[in-house]
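Remember, predicted model here, so these are calculated numbers, not experimental data.
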Amino acid sequence: MLTRRQVGILFLLGGAFWLSALAYLRGLPQLLTDPLWNPLNFASTVSVAWTSVYLIRRLAGLAPDQIMAGVGLVGAVVMVADGLALNWFPRIYGPDDTVSRQAGAWLLWGYGFSLGAALLMTRRAAVKHR
């Protein structure tokens, strides 16, 4: 079970991660639309996802059995923000529907890898504590 303090930290991290991703997308939309940069952008997200999970664990002080819940809560915050933005304010991510669609795909990709990284970290921590 997460403490109130941890929940507060996780909500703040979700907001910070969402704003960081938004700034990245708005500042460098060519990373989504350029045929060379798009796959490189997706590939680099794997390390960003892993680092994000590490930061979530450390900054919220999560025990190994709390990692999935913590990352899930951060993921819920950012996915709700993305869902609202993509539905009602799609131009927040970029100048046209192509950029917004590719931004949504990139964000989902990152969330998927973050959840996978959390699962691996949880599993690895459980093996260490046996």
Side-chain angles (χ1 to χ4, degrees):
M1 186 59 106
L2 298 170
T3 66
R4 285 184 190 202
R5 181 178 183 279
Q6 287 172 319
V7 169
I9 291 168
L10 294 166
F11 266 93
L12 289 173
L13 286 171
F17 288 164
W18 185 78
L19 289 171
S20 297
L22 176 62
Y24 177 76
L25 292 168
R26 292 211 35 102
L28 299 165
Q30 68 274 17
L31 293 179
L32 297 170
T33 56
D34 184 87
L36 173 65
W37 284 108
N38 182 280
L40 294 174
N41 184 46
F42 270 68
S44 70
T45 302
V46 175
S47 63
V48 173
W50 193 268
T51 302
S52 297
V53 173
Y54 177 80
L55 287 172
I56 290 167
R57 182 179 182 189
R58 300 302 278 178
L59 295 175
L62 301 177
D65 64 333
Q66 295 175 310
I67 297 170
M68 285 303 297
V71 172
L73 181 55
V74 170
V77 170
V78 295
M79 284 188 265
V80 166
D82 282 328
L84 292 170
L86 284 166
N87 189 58
W88 284 291
F89 309 102
R91 297 295 176 267
I92 196 170
Y93 294 106
D96 57 41
D97 285 339
T98 299
V99 172
S100 294
R101 179 181 49 78
Q102 289 178 323
W106 176 74
L107 292 163
L108 287 170
W109 174 267
Y111 303 149
F113 270 100
S114 295
L115 290 171
L119 184 62
L120 291 173
M121 280 187 191
T122 300
R123 191 168 174 210
R124 191 165 69 189
V127 168
K128 283 185 179 180
H129 287 94
R130 283 188 190 174

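The hydrophobic cluster containing I56 does not contain L12, counting ILVMFWY residues as joined when their side-chain heavy atoms lie under 4.5 angstrom apart, directly or transitively. Hydrophobic cluster membership is shared by V46 and L120, with clusters built from Ile, Leu, Val, Met, Phe, Trp and Tyr side chains linked at under 4.5 angstrom. Hydrophobic clustering, with ILVMFWY side chains joined whenever heavy atoms are under 4.5 angstrom apart, groups L25 together with L19. Two different hydrophobic clusters hold L59 and V48 under the rule that ILVMFWY side chains link at heavy-atom gaps under 4.5 Å. The hydrophobic cluster containing M68 does not contain Y54, counting ILVMFWY residues as joined when their side-chain heavy atoms lie under 4.5 angstrom apart, directly or transitively.
Minimum interatomic distance between L10 and A60 (heavy atoms only, all atoms of both residues): CD2-CB, 3.7 Å. Of all the heavy atoms in R57 and P64, the pair that sits closest is NH2-CG, 3.7 Å. Nearest heavy atom pair, residue M121 against residue V53, reads SD-CG1, 3.4 Å. Nearest heavy-atom pair, P90 versus S100, reported as atom, atom and distance to 0.1 Å: O-OG, 2.6 Å. Contact detail for A49 and G110: the closest heavy-atom pair is CB-O, 3.9 Å.
Interatomic distance, L107 CG to L22 CG, rounded to the nearest 0.5 Å: 9.0 Å. Here the CE-CG distance, from M79 to L108, works out to 8.0 Å after rounding to the nearest 0.5 Å. The CD atom of Q6 sits 4.0 Å away from atom CD of Q66, with the distance rounded to the nearest 0.5 Å. Rounding to the nearest 0.5 Å places CG of L119 at 12.5 Å from OG of S114. In this structure, the separation between CD1 on I92 and CG on L86 is 9.5 Å, given to the nearest 0.5 Å. With rounding to the nearest 0.5 angstrom, the CD1 atom of I67 is 4.0 Å from the OG1 atom of T122.
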Step-by-step side-chain contact (heavy atoms from CB on, under 4.5 Å) determination, L62 to L2
CA-CA 8 Å; L62 301 177; L2 298 170; 3.7 Å; yes
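Listed by first and then second residue, the ring pair (Phe, Tyr, Trp, His ring centres under 6.0 Å) pairs that reach into residues 60-96 come to none, sequence neighbours excluded.
Inter-residue side-chain proximity for D97 and Q102 is flagged as unmet; no heavy-atom pair is nearer than 4.5 Å. A heavy-atom distance below 4.5 Å is found between the side chains of N41 and Y24. In this structure, V7 and L73 have side chains that are in contact, with non-hydrogen atoms separated by less than 4.5 Å. You'll find the side chain of D96 reaches within 4.5 Å of the side chain of V99, heavy atoms only.
Just one residue in the list W50, W109, W106 forms a side chain to side chain donor-acceptor pair (under 3.5 Å) with T45, and that residue is W106.
More than 12 heavy-atom neighbours from other residues, nucleotides or ligands sit within 6.0 angstrom of CZ on R91.
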Please tabulate, one pair per line, all N/O donor-acceptor pairs under 3.5 Å involving side-chain atoms of residues 28-37, not counting sequence neighbours.
| from | atom 1 | to | atom 2 | distance (Å) |
| --- | --- | --- | --- | --- |
| D34 | OD2 | L36 | N | 2.9 |
| D34 | OD2 | W37 | N | 3.0 |

